[in-house]
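What follows is a short report on a single structure.
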Amino acid sequence: QVQLVESGGGVVQAGGSLRLSCAASGRSITSYAMGWFRQAPGKEREFVAAISWNAGDTHYADSVKGRFTISRDHAKNTVYLQMNSLKPDDTAVYYCAADPRSIVFYLSREEYDYWGQGTQVTVSS
């Protein structure tokens with residue numbers, strides 16, 4: 001079993017930055033593809049970013065491309081989401097997720113076996 005714990009959320013003004021962390025425990029995630037999703041009130045959970053096990057392959061939603069960067073640190077068993085130039089539309093609960101198979105189906109929520117509890121990001125205008 002893999003336990004994922006997100007941190008780093010908070011309240012920030014538009015144009016500001018936040019760095020989310022997702023710390024894994026229970027098992028090494030070095031062979032896992034990892035993803036970040038978000039869910040705003042009244043909306044479905046949507047894909048934000050994904051990274052392959054060796055960080056050689058990354059994907060981003062069009063809405064965050066050029067502003068967000070996903071990365072990982074194998075030694076710390078942790079995945080990060082650096083969020084710059086934040087907008088009010090980025091307000092949501094952000095979740096990290098682990099896929100033990102591959103990054104191929106990174107868009108599909110069903111592909112991910114493990115999820116964190118989420119961290120709230122609020123961007124004020």
Side-chain angles (χ1 to χ4, degrees):
Q1 283 284 60
V2 174
Q3 292 81 43
L4 302 174
V5 178
E6 302 95 336
S7 62
V11 180
V12 64
Q13 286 190 330
S17 298
L18 283 174
R19 187 196 197 202
L20 305 183
S21 299
C22 172
S25 62
R27 183 178 296 179
S28 170
I29 58 168
T30 54
S31 64
Y32 287 43
M34 299 295 295
W36 284 96
F37 287 74
R38 67 186 181 186
Q39 188 167 16
K43 296 187 177 181
E44 288 193 358
R45 193 170 299 190
E46 65 175 6
F47 168 77
V48 175
I51 188 167
S52 61
W53 70 273
N54 64 351
D57 192 9
T58 57
H59 298 275
Y60 297 92
D62 288 344
S63 59
V64 308
K65 204 169 292 183
R67 300 187 297 122
F68 290 12
T69 302
I70 189 171
S71 62
R72 65 191 304 164
D73 184 333
H74 282 171
K76 296 182 178 180
N77 220 28
T78 299
V79 177
Y80 304 98
L81 185 68
Q82 177 67 44
M83 306 186 296
N84 298 329
S85 302
L86 282 161
K87 305 175 181 179
D89 284 349
D90 295 319
T91 295
V93 177
Y94 283 71
Y95 300 89
C96 73
D99 177 0
R101 287 165 288 279
S102 75
I103 199 175
V104 173
F105 302 106
Y106 61 90
L107 282 172
S108 171
R109 295 194 303 269
E110 292 71 28
E111 186 68 8
Y112 295 85
D113 286 2
Y114 305 103
W115 292 82
Q117 83 291 347
T119 185
Q120 176 71 47
V121 171
T122 303
V123 184
S124 62
S125 57

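Quick caveat, the model's predicted, so the values are computed rather than measured. Values below: all heavy atoms of this structure, side chains included; hydrogens, waters and symmetry mates excluded.
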How about [X] and [Y]: do any of their side-chain heavy atoms sit closer than 4.5 Å?
X	Y	value
V79	I29	yes
T69	Y60	yes
V121	V11	no
E111	R101	yes
Y106	D99	no
R72	Y80	no
R38	E46	yes
T119	V93	no

| note | side-chain contact (heavy atoms from CB on, under 4.5 Å) test vs E6 passes for just one of W115, W36, Y94, namely W36

If hydrophobic clusters are built from ILVMFWY residues whose side chains come within less than 4.5 Å, do [X] and [Y] share one?
X	Y	answer
I70	Y32	yes
V64	I51	yes
L18	Y95	no
I103	L107	yes

| K65 atom NZ: more than 12 heavy-atom contacts under 6.0 Å | yes

Shortest non-hydrogen contact from [X] to [Y]?
X	Y	value
A14	S125	CB-CA, 4.4 Å
S17	Q82	CB-NE2, 4.0 Å
A40	A92	N-CB, 3.8 Å

Roughly how far, to the nearest 0.5 Å, is the [atom2] atom of [Y] from the [atom1] atom of [X]?
X	Y	atom1	atom2	result
Q13	S124	CD	OG	5.0 Å
S25	Q1	OG	CD	10.5 Å
M34	C22	CE	SG	4.5 Å

| said: Could you go through S28 and N77, starting from their C-alpha distance and side-chain angles, then the distance that decides it, and tell me whether this counts as side chain to side chain contact (heavy atoms under 4.5 Å, CB included)? | reply: CA-CA 6 Å; S28 170; N77 220 28; 3.9 Å; yes

| task | Could you check F68 against V48 for side chain to side chain contact (heavy atoms under 4.5 Å, CB included), going step by step and ending with a plain yes or no? | result | CA-CA 9 Å; F68 290 12; V48 175; 3.8 Å; yes

| task | Using distance alone, with no hydrogens and no angle criterion, decide if D73 and T78 have a side-chain donor and acceptor under 3.5 Å apart. | result | no

| For L20 and M83, what are the C-alpha separation, side-chain angles and deciding distance, and is it a side chain to side chain contact (heavy atoms under 4.5 Å, CB included)? | CA-CA 8 Å; L20 305 183; M83 306 186 296; 3.8 Å; yes

Any side-chain to backbone donor/acceptor pair from [X] onto [Y]? Under 3.5 Å, distance only.
X	Y	answer
T91	T122	no
R45	Q39	no
D57	S52	no

| request: Could you walk me through whether F37 and F47 pass ring pair (Phe, Tyr, Trp, His ring centres under 6.0 Å), step by step? | output: CA-CA 4 Å; F37 287 74; F47 168 77; 5.8 Å; yes

| task | Return the orientation label for the H74 and W53 ring planes: parallel under 30°, perpendicular over 60°, tilted otherwise. | result | parallel

| query | Is D90 salt-bridged to K87, going by a charged N under 4.0 Å from an acidic O? | reply | no

